[in-house]
Student: 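I'd like to ask some things about the structure below.
Values below: every heavy atom of this structure, side chains too, minus hydrogens, waters and symmetry copies. Here the structure is a predicted model, which is why all the values come from computation and not from measurement. Chain letters run A, B, ... following the sequence lines, proteins first and then strands; every chain starts at 1.
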2 protein chains.
Amino acid sequence: MVYRRTPRIQARMDSQRAAILDAAVELLATRGYAGCSVAAVADGAGVATGSVYRYFGSKAELVVEVFRQLVTREVEAVERAAQQPGSTGERVVAVVDTFAARALKAPRLAYALLAEPVDAPVEAERIVFRRAFRDVIAARIGEGVRDGTLPPQQAPLTAAAIVGAVAEVMIGPLTSGGEDAVDELSTFTLRSLGAFDAGNP
Amino acid sequence: MVYRRTPRIQARMDSQRAAILDAAVELLATRGYAGCSVAAVADGAGVATGSVYRYFGSKAELVVEVFRQLVTREVEAVERAAQQPGSTGERVVAVVDTFAARALKAPRLAYALLAEPVDAPVEAERIVFRRAFRDVIAARIGEGVRDGTLPPQQAPLTAAAIVGAVAEVMIGPLTSGGEDAVDELSTFTLRSLGAFDAGNP
DNA sequence: TCAAGCTGTGAATGGTGGTTCACTATTTCG
DNA sequence: CGAAATAGTGAACCACCATTCACAGCTTGA
């Protein structure tokens, strides 16, 4: 054989792969899953349809990686928020605030990540997403229960409920989600934890 | 013209229509939206594919009617619960309990109604569903705020958050939803309202 | 009984969008 | 340069399903 993949070619391929991912992220965040057809992604990345399949085994594989990338970014943001100083309640509220504020800034993306219909393999990734959020919150609640600042409760369940509550309020057309919705959600969260410093009369 | 639709034929057609709806309900509740293809529905009802289109303009129209039927049943159940005697908090908890218990008994159906990917016209109907639940809860919260048993809050937002919380816990694979999950959800709900009788230390 | 007009049929149609693959272009190194 | 091997192409392919439609078989009232 004569041909070998040199670093130069490898670099070009890496950037091509990245370009495909970027195009998919862009499409997902603006037009949602529906607008994320393989043809459109290839077009956005400036490659042919078939080239997408040189880097990803299937569309699902591609979208899963897109999800993972976006989710990692979001989870890191709330994890940072969870580590801020303050009471247990305040830290959970910080997580919710971060989550909600980011969703408010990029509603189309939030919808795509949280609720938009997708097919099974991607749905599995979404579950990982929600679970990650739940775990960040549950960890804080667990600490609060142990140190007595929160009443006894099943931390994972409360955490799941909070994730559901925030998701519903942010993406559901059930509420006219404005800036003040984030504040109200904080109060809701604080009360739901049963924290001493809750807005309880 | 010689042919006219007689009551006998009308009755046959009515029962045929009902059979199609029943088959669709059955499929939705067992195999979900995915298993609810027009061919499968027709098969289940014992009619030809084309016959479905004699009664429903499109698949979406059919599924919307199925949704509406199922949703009405569920909403009536929680409305009954909301009218039980007791404090505001207790009545909201009664709604949540009813909602959750019913979801627990028919998880596949709950998933189909609350979360399973569907196409746009059906999604619109789902929003009506969640909104109906929210409104039942919001009405109670509004009363509680007015009579001073609950702290001031945006009733629709709290209600939406509660709907989201319950939905997440019941359908999400995030929690091992057992019987005790319903109890824990009640406590969560009570706390989140900020009720005086909440499980607040 | 019979013509007219309806209900019921299910194979054929058509649109959509992921996937393939025969082909071209590019790269490597003797 | 040129043979070998790979990267890139995009039109064709295919599976899936909602939808249609020409037709068969009933139903009706005269």
Student: Rounded to the nearest Å, what distance is computed from the CZ atom of residue Arg17(A) to the P atom of nucleotide dG8(D)?
Tutor: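 For the pair Arg17(A) CZ and dG8(D) P, the rounded distance is 13 Å.
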Student: As a test of reading the structure: which of dG18(C), dT27(D), dA4(C) is closest to the side chain of Val2(B), going by heavy atoms?
Tutor: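 Among dG18(C), dT27(D), dA4(C), the one nearest the side chain of Val2(B) is dA4(C).
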Student: Please name all residues satisfying salt bridge (Lys or Arg N to Asp or Glu O under 4.0 Å) with Arg68(A), sequence neighbours left out, ordered by chain then number.
Tutor: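 With neighbours one apart ignored, the set is Glu125(A).
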Student: Output a table of donor-acceptor pairs, distance under 3.5 Å, between side-chain atoms of residues 94-121 of chain B and any protein atom two or more places apart or on a different chain; print 'none' if there are none.
Tutor:
unit_1, atom_1, unit_2, atom_2, d
Asp97(B), OD1, Ser186(B), OG, 2.5
Thr98(B), OG1, Ala94(B), O, 2.7
Arg102(B), NE, Glu74(B), OE1, 2.8
Arg102(B), NH2, Glu74(B), OE2, 3.1
Arg108(B), NH2, Arg31(B), O, 3.2
Arg108(B), NH2, Glu116(B), OE2, 3.2
Glu116(B), OE1, Tyr33(B), N, 2.9
Glu116(B), OE2, Tyr33(B), N, 3.3
Asp119(B), OD1, Tyr33(B), OH, 3.1
Asp119(B), OD2, Tyr33(B), OH, 3.1

Student: Keeping the roles fixed (side chain from Arg91(A), backbone from Gln84(A)), state whether a donor-acceptor pair exists under 3.5 Å.
Tutor: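 Yes; at least one donor-acceptor contact below 3.5 Å.
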Student: For Glu79(B), check salt bridge (Lys or Arg N to Asp or Glu O under 4.0 Å) against everything at least two apart and list the hits.
Tutor: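 Salt bridge (Lys or Arg N to Asp or Glu O under 4.0 Å) check on Glu79(B) returns nothing, list empty.
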Student: State which residues pass ring-ring contact (aromatic ring centres under 6.0 Å, His included) with Phe129(A); sequence neighbours excluded, sorted by chain then number.
Tutor: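 Phe129(A): ring-ring contact (aromatic ring centres under 6.0 Å, His included) contacts with Phe133(A).
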Student: Ignoring backbone atoms, establish whether Arg5(A) has a side-chain N or O less than 4.0 Å from OP1 or OP2 of dA7(D).
Tutor: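 Yes, because at least one side-chain N or O of Arg5(A) sits under 4.0 Å from OP1 or OP2 of dA7(D).
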Student: Just how far, in rounded Å, is P of dG10(D) from CG of Asp43(A)?
Tutor: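 Between P of dG10(D) and CG of Asp43(A): 10 Å.
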Student: Could you state the atom-to-atom distance from CD of Gln10(B) to P of dC6(C) in whole Å?
Tutor: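 It works out to 14 Å between those atoms.
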Student: Tell me the interatomic distance from Ile9(B), atom CD1, to dG5(C), atom C1', rounded to whole angstroms.
Tutor: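 Taking atom C1' of dG5(C) as the reference, CD1 of Ile9(B) is at 13 Å.
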Student: Measure from CG on Leu62(B) to P on dT19(D) and round the result to the nearest Å.
Tutor: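 Taking CG of Leu62(B) and P of dT19(D), I get 10 Å after rounding.
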Student: Check the interface with nucleotides 8-12 of chain C: list each N/O to N/O pair with the protein under 3.5 Å, or write none.
Tutor:
unit_1, atom_1, unit_2, atom_2, d
dG8(C), OP1, Gln16(B), NE2, 2.6
dG8(C), OP2, Tyr55(B), OH, 2.9
dG8(C), N7, Arg54(B), NE, 2.7
dG8(C), N7, Arg54(B), NH2, 3.0
dG8(C), O6, Arg54(B), NH2, 3.1
dT9(C), OP2, Ala48(B), N, 3.0
dT9(C), OP2, Ser51(B), OG, 2.5
dG10(C), N7, Gly50(B), N, 3.2

Student: Under 3.5 Å, which donor-acceptor pairs do the side chains of residues 10-22 of chain A form with other protein atoms, sequence neighbours left out?
Tutor:
unit_1, atom_1, unit_2, atom_2, d
Gln10(A), OE1, Arg5(A), NH1, 3.2
Gln10(A), NE2, Asp14(A), OD1, 2.8
Ser15(A), OG, Arg12(A), O, 3.1
Arg17(A), NH1, Tyr55(A), O, 3.2
Arg17(A), NH2, Glu65(A), OE1, 2.8
Arg17(A), NH2, Glu65(A), OE2, 2.3

Student: Could you state the atom-to-atom distance from CG of Leu27(A) to P of dG17(C) in whole Å?
Tutor: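 Nearest whole value for this atom pair: 13 Å.
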Student: Give the rounded distance in Å between these two atoms: OH of Tyr3(B) and P of dT27(D).
Tutor: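 In whole Å, dT27(D) P lies 8 Å from Tyr3(B) OH.
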Student: Expressed in angstrom and rounded to an integer, what is the separation of Asp119(A) atom CG from dT16(C) atom P?
Tutor: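 That distance rounds to 19 Å.
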Student: With salt bridge (Lys or Arg N to Asp or Glu O under 4.0 Å) as the criterion, how do Arg134(A) and Glu168(B) come out once you've worked through the C-alpha distance, each side chain's angles and the decisive distance to 0.1 Å?
Tutor: CA-CA 11 Å; Arg134(A) 182 200 65 172; Glu168(B) 178 84 17; over 6 Å; no
Student: Side-chain N or O of Tyr53(B) less than 4.0 angstrom from OP1 or OP2 on dT19(D)?
Tutor: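 For dT19(D), OP1/OP2 do have a side-chain N/O of Tyr53(B) under 4.0 Å.
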Student: Nearest to the side chain of Thr6(B), which nucleotide is it out of dT27(D), dT28(C), dA18(D)?
Tutor: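 The listed nucleotide nearest to Thr6(B)'s side chain is dT27(D).
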